[in-house]
Amino acid sequence: MKQLKYLLLVITLPFYTLIAKADEGMWLPLLLEKMNEKQMKSLGMKISAKDIYNINKGSLKDAIVSFGGFCTGEVISDKGLVLTNHHCGFSAIQSHSSLEHNYIRDGFWAKNNNEELQNKGLFVTFIVRIEDVSKQALAGVLSSMSESERQSMIDKNMTALRKDAKKESYQDAFVRAFFEGNQYYLFVTETYKDVRLVGAPPSAIGNFGTDTDNWTWPRHTGDFSMFRIYAGKDNKPADYSPDNVPYIPKKSLSISLDGVAPNDFTMVFGFPGRTTEYLPAAAVAQIKNVNDPAKIEIRDKALAIMNKFMRENEQIKIMYASKYASVENSYKKWKGEVLGLNKSNAVEKKLNIEKEFLKRVNTNHVWTERYSTVLSALDENYKAIENFGRARDFFNETMSRIESIAIFNQLNRLKTAKEKNGAAGLKETASKVYDVLVGLYKDFSPALDKQLFISLMDHFYKDQPASFIAPYLKDRMQEVNNDINALANKVYDNETLIQNSKTVLDLLQNKPDELVNIISNHPTMQLISEINNHYANTVTKNITPIQENINLLQRTYMQAQMDVFKEKTFYPDANSTLRVTYGKADGFKPRDGVEYLYYTYLDGVMEKYIPGDYEFDVPEKLRTLYRNKDYGQYGIKGKMPVCFIAQNHTTGGNSGSPALDAWGNLVGLNFDRAWEGTMSDINYDPSICRNIMVDIRYVLFIVDKYAGADRLIKEMKLLHPKKK
Ligand code: ARG
Ligand code: GLU
């Protein structure tokens, strides 16, 4: 049906193909009934939009959580059991790991509720209600206002909306901008802060194939872990307490054991982080030619160093595993994005859209007046921002990879606090800084960090135009005859301080004046401050006004596209709010002569198996289960399904999102996208964009047959919806 509509439009309205793409879109749950239900049903959905989002009674949305604000999770039992990805639970798994209890390597399974492990700082958030508050948020905004005046008016309105929102005392609310600030929605939320680790497979299953396989299809990763929400005795949110009890949810997902056939309807429900689908060609070209390459270049160097240390030292491997995975993950995505933007001719496509846009604008007086210069103005501003944007990316990437800089920045916070708020301010900040530093040092190797400093600072110094290099850095480099190794020796060895946490933490015990004195006079502190200040004065100061122009123009261009392309149904860019995306399960053709099937099986794990390998080892128990085809109720025709792909439009933050079937049963767990389509954040193309999910039967097989955690299986509702 969708295909047919698409085809007809291609025939009758050739331009339509440029902007309306099948299966694209991350939709707001409260608008599904109005905007998507018909199409979803035509694609095979058997439930109604109200079953997905309903504020009057339990609906699917009540089983979905934002997991820690960076991933998605779903409730899969009426005892608050939460399923998410292994890589989403990874920093929790890592924090409980040591050389003696290496849960990263060996996996972890709590045998009963008492063994479930507390995770400081981890929370899950439910969405209670969503409301369109555009009118109220934009009240009092005038077109004559500057961007900052406009923003402060909106901020004021949003604060009032948040405060006045109807909600219970244990609930929160926030307002978020949509469509570049043309619309606003209010979210009432409920956050649980006692979330405990229940189980995780060994990394050889949960992260099988690691970085080589990351962002690629065909895939064989069992990327899942399990947590449990604990609540107060009244089932309401409560801080951690041993007396808390498993949370009883309004809704938990039932699980289908029937799998997904080709062309089956699937939908993914979760919290996609950020997309930019409505950019002009100039912006897309800049991301592809300037920003992504700058970041890739620096991470290339950083990853090589981290990788070398991790392979040589098991302790460092544990300490840096989580950091490495996240640095590598975006790095590889950007590489795929550049390839995909080139291959899909994204810039050309955008230029064609712009041509059509201007043609239509010129046919209408009101549009001509409002919109005829928006694209040329965007062009100009993107040109103006280019060099500063590259400098920003270079600076951020360099400075955030070198962790000693983070240590110095923390110490600098103390100085600023003292200057701003005196001794009292310093004292308050000191306790926060203390916690951050303890956390930082827990996973910090000065030897590794020194190599990062040498490599990245040297690169920064040589690459960046002279005007972006702080004179003080130049002086310090000249002092050592431009030998970065010598400067690193000073920073890491002679000027000590950061070598061990004790020196740094002891420093915090000094009297305020002394402390500030030490910080101000420390030569490396001075170096870092000068670098920061120079950056603020030469880059930030220039970027800010251009970025303000761009924001305004982008908002205008967004509204313009919605006015001018009336035939298109627009969805808002991802902004970490709850969305539904849907599309059929389907393989694809990545390149000439190659076709990808939509499913993988355990056979593929065994094909990739390399005994003792860093990435492709397979645990003995899994090999035995495979040899005996001991799949229990989870196998199908003597085979064990592992992963599958579909045309759901997802992005970072959708990790851990449930993949649901036509009836809303859980069939898979979203965890990645296929390499050829990683540019979907900027230019979705249904022919090559696929999301990757682990089959729920593989998850259950690992929990039950591999880990023997059948106490968890007993909590779940397993169904055969197709055999009804
Ligand atoms: N690419 C997936 C995502 O963006 C999975 C990342 C975790 N796996 C890894 N090998 N780093 O989060
Ligand atoms: N792995 C991603 C995440 O952490 C999801 C994959 C994607 O970016 O689509 O959210």
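Read the numbers this way: they start at 1 and go in the same order the structure lists the ligands and their atoms.
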> In this structure, which one of L303, D292, D211 forms a side chain to side chain contact (heavy atoms under 4.5 Å, CB included) with Y331?
Replying inline: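 Single pass found, and it is L303.
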> Where the closest heavy atom to atom 4 (O) of ligand 1 is concerned, which of D211, N329, N85 has it?
Replying inline: N329
>> As a check for students: among S330, S326, C689, S655, identify the option with a heavy atom nearest to atom 3 (C) of ligand 2.
In response: S655
So, regarding [X] and ligand 2 (criterion: nitrogen or oxygen to nitrogen or oxygen, under 3.5 Å), is there a contact or not?
| X | value |
| --- | --- |
| F671 | yes |
| H87 | yes |
| D672 | no |

> Checking K193 against F123: charged group under 6.0 Å from the ring centre and within 45 degrees of the axis?
Replying inline: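 No, K193 and F123 do not form such a contact.
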Per-atom contacts, ligand 1 versus [X] - under 4.0 Å to a heavy atom:
| X | value |
| --- | --- |
| S655 | 12 (O) |
| W215 | 1 (N), 4 (O) |
| A325 | 11 (N) |
| F671 | 2 (C), 3 (C), 5 (C) |

Which of the atoms of ligand 2 are close to [X], meaning less than 4.0 Å from one of its heavy atoms?
| X | result |
| --- | --- |
| N654 | 10 (O) |
| R673 | 7 (C), 8 (O), 9 (O) |
| G653 | 3 (C), 10 (O) |
| T651 | 5 (C), 7 (C), 8 (O), 9 (O), 10 (O) |

Plane angle bin for [Y] and [X] - parallel if under 30°, tilted between 30 and 60°, otherwise perpendicular:
| X | Y | answer |
| --- | --- | --- |
| H101 | Y103 | tilted |
| F224 | W109 | tilted |
| F90 | H86 | tilted |
| F178 | F187 | parallel |

> Which residue owns the protein heavy atom closest to atom 5 (C) of ligand 1, what's the atom, and how far is it?
Replying inline: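 Minimum-distance protein heavy atom for atom 5 (C) of ligand 1 reads N214 OD1, 3.4 Å.
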>> I need the contact type for D213 against ligand 1. Using non-hydrogen atoms and a strict under-4.0 Å cut-off, is it side chain, backbone, both or neither?
In response: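 It is neither part, as no heavy atom is under 4.0 Å.
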Any luck finding a side-chain donor-acceptor pair between [X] and [Y] under 3.5 Å?
| X | Y | value |
| --- | --- | --- |
| N329 | N214 | yes |
| H459 | E297 | yes |
| N307 | R311 | yes |
| Q647 | Y582 | no |

> Any N or O of R219 that comes nearer than 3.5 Å to an N or O of ligand 1?
Replying inline: no
> When only distance counts, is H87 in polar contact with ligand 1, meaning an N/O pair under 3.5 Å?
Replying inline: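 N/O-N/O distance below 3.5 Å exists for this pair.
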> Any heavy atom of W215 sitting closer than 4.0 Å to ligand 2?
Replying inline: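 Flag set, W215 near ligand 2.
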> Contact between K333 and ligand 2, counting heavy atoms under 4.0 Å?
Replying inline: no
>> Taking a cutoff of less than 4.0 Å between a non-hydrogen atom of the residue and any ligand atom, is G652 in contact with ligand 1?
In response: no
> Do the non-hydrogen side-chain atoms of V284 and L341 ever get within less than 4.5 Å of each other?
Replying inline: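 Counting from C-beta outward, V284 and L341 do come under 4.5 Å.
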> With a 4.5 Å limit on heavy-atom distance, are the side chains of Y185 and L28 in contact?
Replying inline: yes
> Do you know which of T581, N670, N648 makes side chain to side chain donor-acceptor pair (under 3.5 Å) with T266?
Replying inline: N648
> What part of N691 sits under 4.0 Å from ligand 2 if we count only heavy atoms: the side chain, the backbone, both or neither?
Replying inline: neither
